[in-house]
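Some notes on the structure that comes next.
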Amino acid sequence: MIKIWSVKKNEEAAAKKKPKMTAAQLRVQKDLTELELPDTMKTHFPDPADVLNFTLTITPDEGIYKGGQFNFTFAINPNYPHEPPKVRCTQKIYHPNLDLEGNVCLNILREDWKPVLNLSSVMVGLQYLFLEPNPDDPLNKEAAEDLRRNRQSFISNVNTSMRGGSVKGERFDSVLIRS
Amino acid sequence: MGANGLANGSSSLSGSNGLNGESSKRYASYLANSNRYEAVDRMLDRRGPWTDEQFVGGSEAKAFLRQKAKILVIGAGGLGCEILQNLALTGFSDIHVIDMDTIDISNLNRQFLFRESDVGKSKALCAADFIMSRVPGVKVTPYHGKIQDHAPDFYMQFAIIIAGLDSISARRWINATLVNMVDEENEDSLKPLIDGGTEGFKGQARVILPTITSCYECSIDMLTPPTVFPVCTIANTPRLPEHCIEWASVLEWPKTFKDKKLDTDDPEHIEWLYQKATARAAMFKIEGVTWQLTQGVVKNIIPAIASTNAIIAASCCNEAFKIATTCAPYLNNYMMYTGNSSIYTYTFEHGKRDECPVCGGEASLVRISKDWTLEQLVEHLKEAQEFKLSRPSLSSESGPLFWYDPPGIYEATKGNLDKLVFDLLGPEGGAVSVTDKALPAANLSLEIQFE
């Protein structure tokens with residue numbers, strides 16, 4: 001195989017003055033500026049100079065979780081998009097795919113992450129969890145069991161939890177939108 | 001190239017890959033035949049007058065070609081079939097092929113790896129099966145799908161990539177991906193891209209060494225725009241059969257069917273256009289409207305010529321062979337072939353565009369006045385001919401300067417619009433990274449200097 005690199009080295013080294021931004025920053029700029037979020041999702045940047053850390057608010061307009069407002073933090077490391085963003089829920093929510101510490105069970109945040117995916121895919125995936133909670137892939141096994149056994153009782157437990165009430169001895173955060 | 005030895009294998013093709021006793025014997029004797037690569041070996045066993053100093057020849061070059069070199073073929077259509085055949089017979093043995101298409105009956109006249117029974121099946125899969133059954137010892141790995149669905153990691157595994165594509169957007173994508181993959185710290189990140197293309201009797205082959213030679217994006221303005229006729233001509237003064245067909249498809253169809261979209265794959269739609277165009281042609285005494293021409297005009301079909309594909313594919317594979325073995329200098333860097341005026345070829349070095357948005361190594365230099373506000377710079381990026389952006393978002397090393405989206409960053413940065421770029425970047429100016437949907441590359445780098 002021809003040694004192309006030597007051709008490259010022989011080239012006159014052009015003074016490159018590219019911004020000292022990491023590939024992750026460049027990619028995040030592209031992802032964020034091209035986001036087309038529905039009204040049900042909003043991003044918030046506590047420090048607008050740091051685009052690698054921000055929050056996402058989801059306010060589902062249908063489904064069991066309608067009426068609630070759910071906050072997630074996004075932390076993106078320099079290996080993005082090689083590694084997925086780290087996403088956590090900041091509230092304690094009664095949901096089959098979220099545990100009480102705010103960990104999220106979403107395939108594209110772990111095993112199915114690919115660099116061709118982007119922040120938009122993750123956000124859409126998160127919103128989908130509220131529209132279609134998935135009992136087959138549980139992080140909160142009790143909630144998953146509840147949903148699988150009796151959908152009506154699950155719905156009423158979700159409503160209790162969203163008001164800040166207790167379900168099975170566990171107290172949840174109030175997430176209702178104050179109107 | 002390398003046609004010797006093929007006669008042994010040719011009769012083993014019976015449609016199935018299963019080997020019976022006799023053909024397995026033939027298979028083994030073919031693989032054991034040391035004369036198999038006799039013709040190719042002649043080029044690898046000694047130097048030629050122009051052979052590169054790096055050339056070591058002999059067993060090392062052969063081993064790389066036949067055991068190590070992993071090569072990706074993008075497209076298993078007219079060019080792809082020829083390319084796969086050539087590579088397999090030249091001695092490449094680890095070939096990968098990707099194509100998102102399925103086989104159509106109209107492909108069969110030139111895409112010779114497919115048979116009538118393959119219609120509707122994946123091109124990549126059928127092509128791989130055919131090559132493997134026909135050329136013993138060659139492994140072809142097919143991928144049925146879009147090139148865009150594979151991340152840079154996927155492309156990193158190959159030594160060389162050959163593209164036989166029919167789409168500009170796919171070429172731009174693979175070109176930008178390979179240029180962006182080049183990592184100064186990693187020699188293996190530089191993947192030669194050999195791009196073949198044909199259009200009727202014309203064709204081209206080029207060698208792109210990402211960040212070293214001109215890239216596909218550098219020459220994007222050389223592409224001829226598709227033939228479009230002025231609406232006033234097709235509406236009022238048709239002279240050609242094409243004008244009548246365009247009149248039917250552009251003006252009459254929407255008028256008659258309102259919101260119903262013209263489906264150029266629907267024979268009934270084509271028939272309707274053909275009838276309309278024929279009537280109009282008769283009115284203006286124009287000859288030449290046929291059903292086939294109607295379909296050709298509305299689908300923008302350029303007839304594919306099998307021999308053009310063969311010539312261009314041969315050139316591409318020749319380059320792959322030379323790059324893989326160093327046995328002769330590779331193409332520098334653009335060969336065009338014009339078969340409609342005898343068999344004319346012209347080879348030239350297409351220059352690298354410094355300001356190419358994909359491979360322009362340096363940042364695009366923008367000289368502005370010290371009293372420019374950031375808003376003036378943003379407007380300049382929208383209006384200036386060399387940028388023509390729609391919603392540019394700008395960052396400096398210290399973070400976003402001004403972003404249109406998302407709303408949080410927009411609110412936080414819109415105040416900067418009234419500030420002087422001089423104050424934001426400092427008296428020395430500096431580097432600014434721009435994203436915009438209109439950019440084929442992920443980012444545009446600007447180097448701002450003050451007058």
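Just so it is clear, the model here is predicted, and its values are computed rather than measured. Chain naming here is simple, since letters A, B, ... match the order of the sequence lines and numbering starts at 1 in each.
- For chain A, the nearby parts of Ser393(B) are the backbone and the side chain; heavy atoms of each come within less than 4.5 Å.
- In terms of heavy-atom pairs under 4.5 angstrom with chain A, the leader among Thr413(B), Thr326(B), Ile409(B) is Ile409(B).
- For the residue pair Pro406(B) and Leu32(A), the shortest heavy atom distance occurs at CD-O, 3.5 Å.
- Of the atoms belonging to Asp149(B), it is backbone heavy atoms, and not side-chain ones, that fall under 4.5 Å from chain A.
- Of the atoms belonging to Gln148(B), it is backbone heavy atoms, and not side-chain ones, that fall under 4.5 Å from chain A.
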| query | When you look at Trp403(B) and Val51(A), which way does the side-chain contact (heavy atoms from CB on, under 4.5 Å) test go after all the steps? | reply | CA-CA 11 Å; Trp403(B) 287 14; Val51(A) 295; 3.6 Å; yes

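- Only the side chain of Phe64(B) comes within contact range of chain A, with at least one heavy atom under 4.5 Å from a heavy atom of that chain.
- Between the CD atom of Gln25(A) and the CD atom of Glu397(B) there is a distance of 9.5 Å, given to the nearest 0.5 Å.
- One distance of note links NZ of Lys30(A) with OG of Ser433(B); it measures 11.0 Å at 0.5 Å rounding.
- Distance check, rounded to the nearest 0.5 Å: CG of Asp405(B) to CD of Gln29(A) gives 12.0 Å.
- Around CG of Asp39(A), the count of heavy atoms belonging to other residues, nucleotides or ligands within 6.0 Å does not exceed 12.
- Within 6.0 Å of CZ on Phe450(B) lie more than 12 heavy atoms contributed by other residues, nucleotides or ligands.
- Taking Ala412(B), Gly408(B), Pro400(B) one by one and counting their heavy-atom pairs under 4.5 Å with chain A, the maximum is reached by Pro400(B).
- Other residues, nucleotides and ligands contribute more than 12 heavy atoms inside 6.0 Å of the CZ atom of Arg47(B).
- Other residues, nucleotides and ligands contribute more than 12 heavy atoms inside 6.0 Å of the NZ atom of Lys382(B).
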